[in-house]
Student: 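I have a structure here, written as structure tokens, and I will follow up with some questions on it.
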Amino acid sequence: MKENLESVMHEQRSFVPPQEFRDAATLTADKLQAMQCAATDDLAAFWADLARKNLEWKQPFIQALDDSNPPFFKWFADGRLNACYNALDRHLEGNGGKTALIFETDEGEILYFSFRALHGEVCRLANALKALEVRKGDRVVIYLPMGPQALISMLACARIGAIHSVVFGGFSADSLKDRIRDAGARLVITADAAPRGGRVTMLKETVDLALAAGCESVKKVIVYRRTGVKTEWIEGRDITWDDSLNGQSSDCEPEWVESEHPLFLLYTSGSTGKPKGVQHSTAGYLLGAMTSMQWVFDLKPNDIFWCTADVGWITGHSYVCYGPLLNGLTQVLFEGVPTYPDAHRFWRMIEEHRVSIFYTAPTAIRALMRLGDALPRKHDLSSLRLLGTVGEPINPEAWTWYHRVIGGSRCPIVDTWWQTETGAAMIAPIPGVVATKPGSCTFPLPGIAVDIIDEQGEPVTSPNQGGFLVVTKPWPAMVRTIWGDDARFRKTYFGQFGDRVYVTGDGAHRDEDGYVWILGRIDDVLNVSGHRLGTAEIESALAAHPRVAEAGVVGRPHEIKGEAVLAFVVVKGDRNQAIRDGLAAELREWVGTQIGAIAKPDEIRLVDGLPKTRSGKIMRRLLRTIGRGEAITQDTSTLENAAILGQLTAPAAPGSAP
Ligand code: PRX
């Protein structure tokens, strides 16, 4: 784990929340302390109280936490509610006319949706889904561009108790097929195409390919015509969004589901090849998304919130779809990318829509920082009062730039640590109370019991000593299981330290002041631009190519993306011939079609063998060292084939990407 220790360890600066921010903050030091005490006294009662105050129940619950069968915890299990009702209906009286969404398309067109308008559309689609025989508990895969239709689709599923599974629009037909099959989806909602950064991705084409590969469970495909581009049409299976909504009523009685009813599945990478369908509950998840937002973003009714994440990721679920709507906020929703039509885009949008809270990823901050201060300085960013980051550790240089240039040294930065599996932010500063340090996500939120432990499961007590980041008590928004695979769920997250200790897969340490610093993944998972990629997944995609014998994939530090993907590939047959054929470039594209563009290796080295232990395990630690261009100091005496090391450090094979 030591090799992961980064320079952030030496960061000493601390930023106290500005007086003005503290004076206006909802959560004060006293209130926060009272909450922490209440959570320590009786964790279940603490959350139960919040669940009663924050959520609307059709049938109130009596039991807060059922922990009789760990690691399968249940929260508020005897209550009934509906996620869509909580997100929309309850705002209609009094706030129905309030703007829920300010949607800006890739081309710059702006559309507004009030809570009432959104409610009407959601109900019509919910009725359409019912007409297409989607029932409570059925799975619906959503493969749409970032936009109102994605949110409408998620909420329509929630309204009728169907389980949504959003697949990011950048995933390939193969990845989509795997997810559709694993979920056993009954229906797919897609669009003809997705405009993004001036380019167009053909979504429907990808869906057709995925379904042609055999997804018998899918009976219908709803196609939203986003661009009007011509696509194949399968009569009887495909139906346009407009046709499905046509004649449907904008009233739809919500399906009142049990608290533990699955609200959604979201597939994520693990350290083995097959993506995991992370299953979230209804009530516990909603409570986590809602309360974490109130605390971490110090919400005020007039805030204009903008989270730049795509709904294909958990951040888009919790802080684009559910969190903002549950809290009745106005938010900006953006279809495009930060650099199109030019790198002013984010700053221009903040200025134009008077955004007050801006939440984005370190990779975007680093990319925009590289372009200099002049761009953001051309814009009036004075509406901002709070900034956030998520997805990967933020380096202090990017943090301070974000703070100074974007936040005008006036906005606190909330660095929020969490995961697809945690459902909501777990470790993050309360902005009006906690002094921040660049690169630290500070302290766990109320009701979240986090610890850092060593290999024996003992808490690490000395400051700055690294250990496993674990959560020692259940929390409402936690993952419930891996879809269809309870055993894998138990083994992945609870295997190491018993059935009550959730293992995050991250390493961390605390400094002298108790601040938590995340050191990154300790398993074979990469974090590329804030997206999780399993090395095993990329390795098995490479190995599926007819000319590949085996592959070893590692990450290496990358200035903008955080981590870049480096693949060592053993080819079948003559390596020199493979180099001459430009196989490396071909394999990059191959991974793109197998998984999706995000997983394309940045560099591929064609080699004759991989460093292995005598038991045949690939020594990834060694590959990592080689990938970083560092001298090998590890003991290589246990290597089966030490002679291969010279070849691995050779420069990139011709044809591989820079
Ligand atoms: O390694 C941590 C990193 O992202 C992982 C979770 O990835 P995912 O499930 O895709 O969710 C990302 C968005 C919540 C974590 O295990 N990570 C996330 N946030 C931070 C972070 N690393 C450091 N600091 C963060 N704020």
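We number each residue from 1, following the sequence as shown. Atoms within a ligand are numbered from 1 in the order they appear, just like the ligands themselves. Keep in mind it's a predicted model, so treat the numbers as computed, not measured.
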Student: Taking the ring of Tyr319 and the ring of Phe305, is the distance between their centroids below 6.0 Å?
Tutor: no

Student: Pair Phe497, Tyr502 - check ring-ring contact (aromatic ring centres under 6.0 Å, His included), show working.
Tutor: CA-CA 8 Å; Phe497 306 104; Tyr502 170 84; over 10 Å; no

Student: What I want to find out is whether Arg366 reaches Glu392 closely enough, with some N-O distance under 4.0 Å, to be called a salt bridge.
Tutor: yes

Student: Could you check whether the rings of Tyr285 and Phe264 sit parallel, tilted or perpendicular, using 30° and 60° as the cut-offs?
Tutor: perpendicular

Student: Less than 6.0 angstrom separating the ring centers of Phe489 and Phe494, yes or no?
Tutor: yes

Student: What are the atom names and distances for all N or O pairs under 3.5 Å between ligand 1 and the protein?
Tutor:
residue, atom, partner, partner atom, Å
ligand 1, 1 (O), Asp506, OD1, 2.9
ligand 1, 1 (O), Asp506, OD2, 3.0
ligand 1, 4 (O), Gly391, O, 3.2
ligand 1, 7 (O), Arg532, NE, 3.3
ligand 1, 9 (O), Thr420, N, 2.7
ligand 1, 9 (O), Thr420, OG1, 2.6
ligand 1, 9 (O), Arg532, NE, 3.2
ligand 1, 9 (O), Arg532, NH2, 2.6
ligand 1, 16 (O), Gln419, NE2, 2.9
ligand 1, 16 (O), Asp506, OD1, 3.0
ligand 1, 16 (O), Asp506, OD2, 2.9
ligand 1, 16 (O), Arg521, NH1, 2.9
ligand 1, 17 (N), Gly391, O, 3.3
ligand 1, 19 (N), Gly391, N, 3.1
ligand 1, 22 (N), Pro393, N, 3.4
ligand 1, 24 (N), Glu392, O, 3.4
ligand 1, 26 (N), Asp415, OD1, 2.7
ligand 1, 26 (N), Thr416, O, 2.8

Student: What orientation do Phe171 and Phe168 show, parallel under 30°, tilted 30 to 60°, or perpendicular over 60°?
Tutor: perpendicular

